Amino acid sequence: IRDSGMTPLEKWRSYFFEGTRQINKLPDEVDNLDFWRKELMPKTERTLQSYGVQWDLFHYDSDGLVALRQRHAKTPSKTFTVRRDPRDVSEVYVWDPDNKVYLTVRYRSPMSIGMSLWDQRATKRALEEQGLMHIGENEIFDAHKERIKRQELVASSKQDTVKARRQREQKPVSYTHLTLPTKRIV
């Protein structure tokens, strides 16, 4: 692609089309798009624990995961593929090899709040800079909630500032140039 000077999309089109004429058969649509979306996410290998699965300080568990743990109780060291979308780490996807499906497994903590991987890392880094010795999922959730509140406060303050500036800039209407009639008109 680099040698051809084409973007990937242009290269793809050049294989199937010459101008507006189709020269090769287009590929079939993917049958299970959700499966392939998950299959392309970052992954790790984890064993199933009594509390569920842990990834980057967060614990995840679900009824489906409990059933999977029970089916594989005789092989506690067996690892399972776990994937997640870095844009939303509130859930992970655990591959169930028996049923050939991904189980959606949410945060275990009731205090949980959705966040991206980048928000999680920034929040953890901020807690480390504050000198917090023990950082767990609850500390990250609390700090992230505070961070969101501060961002909302800053955004509303900016909006109030814009509104106040516009009000100041509006000139008051002056009626001093108008003369009132001296006689009463009947």
Side-chain angles (χ1 to χ4, degrees), residues 1-2 7-13 15-16 24-152:
I1 294 176
R2 289 183 183 175
T7 66
L9 181 58
E10 291 169 339
K11 184 69 174 173
W12 184 86
R13 282 185 181 150
Y15 179 78
F16 296 106
N24 285 313
K25 182 182 178 287
L26 290 172
D28 295 331
E29 284 190 32
V30 176
D31 290 337
N32 191 344
L33 191 59
D34 188 55
F35 168 80
W36 287 106
R37 181 182 63 83
K38 291 173 183 167
E39 194 67 17
L40 295 171
M41 291 179 183
K43 74 173 187 171
T44 187
E45 297 291 323
R46 294 285 190 260
T47 56
L48 302 181
Q49 304 298 317
S50 60
Y51 55 76
V53 173
Q54 181 179 352
W55 192 350
D56 285 345
L57 303 175
F58 293 141
H59 295 86
Y60 302 88
D61 205 1
S62 72
D63 292 340
L65 198 61
V66 169
L68 187 62
R69 274 197 308 266
Q70 289 172 348
R71 284 197 312 267
H72 292 274
K74 293 181 179 173
T75 55
S77 61
K78 178 174 175 55
T79 60
F80 292 84
T81 299
V82 182
R83 296 180 183 272
R84 70 175 173 196
D85 184 346
R87 298 168 299 175
D88 180 10
V89 297
S90 64
E91 59 188 22
V92 296
Y93 308 100
V94 178
W95 178 249
D96 179 348
D98 304 329
N99 297 315
K100 307 280 189 250
V101 295
Y102 278 106
L103 303 173
T104 300
V105 185
R106 298 209 33 87
Y107 288 141
R108 189 180 68 164
S109 172
M111 297 179 53
S112 63
I113 180 172
M115 70 179 81
S116 71
L117 180 59
W118 301 277
D119 288 334
Q120 176 207 351
R121 288 177 178 166
T123 303
K124 184 178 180 221
R125 190 170 35 254
L127 291 172
E128 288 168 348
E129 289 170 0
Q130 292 173 10
L132 194 61
M133 298 303 284
H134 173 72
I135 299 174
E137 61 187 7
N138 292 335
E139 289 77 18
I140 290 176
F141 291 139
D142 290 342
H144 187 63
K145 286 176 189 175
E146 287 300 316
R147 194 169 172 218
I148 289 173
K149 285 180 188 175
R150 281 194 309 274
Q151 289 171 346
E152 289 170 352

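As the structure is a computational prediction, the values presented were derived from the model and not from experiment.
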**Asked** When rounded to the nearest 0.5 angstrom, what is the spacing between OG1 in Thr123 and CD1 in Ile140?
**Response** 7.0 Å
**Item:** Step-by-step side-chain contact (heavy atoms from CB on, under 4.5 Å) determination, Glu45 to Thr81
**Value:** CA-CA 5 Å; Glu45 297 291 323; Thr81 299; 2.9 Å; yes
**Presence of salt bridge, Asp56 and Arg84, under 4.0 angstrom** = yes
**Asked** Is NZ or CZ of Lys78 both nearer than 6.0 Å to the six-membered ring centre of Phe80 and within 45° of the ring axis?
**Response** yes
**Message:** Donor-acceptor check, side chain of Asn24 to backbone of Tyr15, threshold 3.5 angstrom: yes or no?
**Reply:** yes
**Request:** Compare every heavy atom of Lys25 with every heavy atom of Asp28, then report the nearest pair and how far apart it is.
**Result:** OD1-NZ, 3.2 Å
**Request:** Find the distance between CG (Asp96) and CG (Leu68) and round it off to the nearest 0.5 Å.
**Result:** 5.0 Å
**Request:** Starting at CD of Glu39, measure out to CG of Asp34 and round the result to the nearest 0.5 Å.
**Result:** 11.5 Å
**Request:** Kindly check if the number of other-residue, nucleotide or ligand heavy atoms within 6.0 Å of CG (Asp63) is above 12?
**Result:** no
**Message:** Given 3.5 Å as the limit, does a donor-acceptor pair link the side chain of Lys100 with the main chain of Pro97, or not?
**Reply:** yes
**Item:** Non-hydrogen atoms of Tyr51 and Arg69 that approach each other most closely
**Value:** C-NH1, 4.3 Å
**Item:** Non-hydrogen atoms of Asp61 and Ser50 that approach each other most closely
**Value:** OD2-O, 4.4 Å
**Complete:** Scanning both residues in full, the closest heavy-atom pair of Ser77 with Thr47 reads O-CG2, 3.7 Å
**Item:** Atom pair CZ/CD of Arg150 and Glu152 - distance to nearest 0.5 Å
**Value:** 11.5 Å
**Request:** Anything under 30° is parallel, anything over 60° is perpendicular, the rest tilted; go ahead and classify Tyr60 against Tyr107.
**Result:** parallel
**Request:** Dump the intermediate steps for side-chain contact (heavy atoms from CB on, under 4.5 Å) on Leu117 and Arg121, then the final yes or no.
**Result:** CA-CA 6 Å; Leu117 180 59; Arg121 288 177 178 166; 3.5 Å; yes
**Complete:** Arg147 and Asp119 have their tightest heavy-atom pair at NH1-O, 3.5 Å
**Fill in**
Heavy-atom closest pair (Asp88 atom, Gly114 atom, distance to 0.1 Å) is OD1-CA, 4.3 Å
**Prompt:** Just how far is it from atom OG of Ser112 to atom NE2 of His144, taken to the nearest 0.5 Å?
**Reply:** 11.0 Å
**Request:** Show your reasoning for whether side-chain contact (heavy atoms from CB on, under 4.5 Å) applies to Arg71 and Asp98.
**Result:** CA-CA 9 Å; Arg71 284 197 312 267; Asp98 304 329; 2.9 Å; yes
**Message:** If only side-chain N and O atoms count, and only distance matters, is there a donor-acceptor pair under 3.5 Å linking Arg83 with Tyr102?
**Reply:** yes
**Prompt:** Rounded to the nearest 0.5 Å, how far apart are CD of Gln54 and NE2 of His59?
**Reply:** 3.5 Å
**Request:** Say whether, by atom type as modelled, one donor and one acceptor occur between the side chain of Glu139 and the main chain of Gly136 under 3.5 angstrom.
**Result:** yes
**Request:** Check whether the ring centres of Phe141 and Phe58 lie less than 6.0 Å apart, and answer yes or no.
**Result:** yes
**Message:** Any non-hydrogen side-chain atom of Asn138 less than 4.5 Å from a side-chain atom of Ser109?
**Reply:** yes
**Request:** Mind running side-chain contact (heavy atoms from CB on, under 4.5 Å) on Val105 and Val53 for me, showing each step along the way?
**Result:** CA-CA 9 Å; Val105 185; Val53 173; 5.9 Å; no
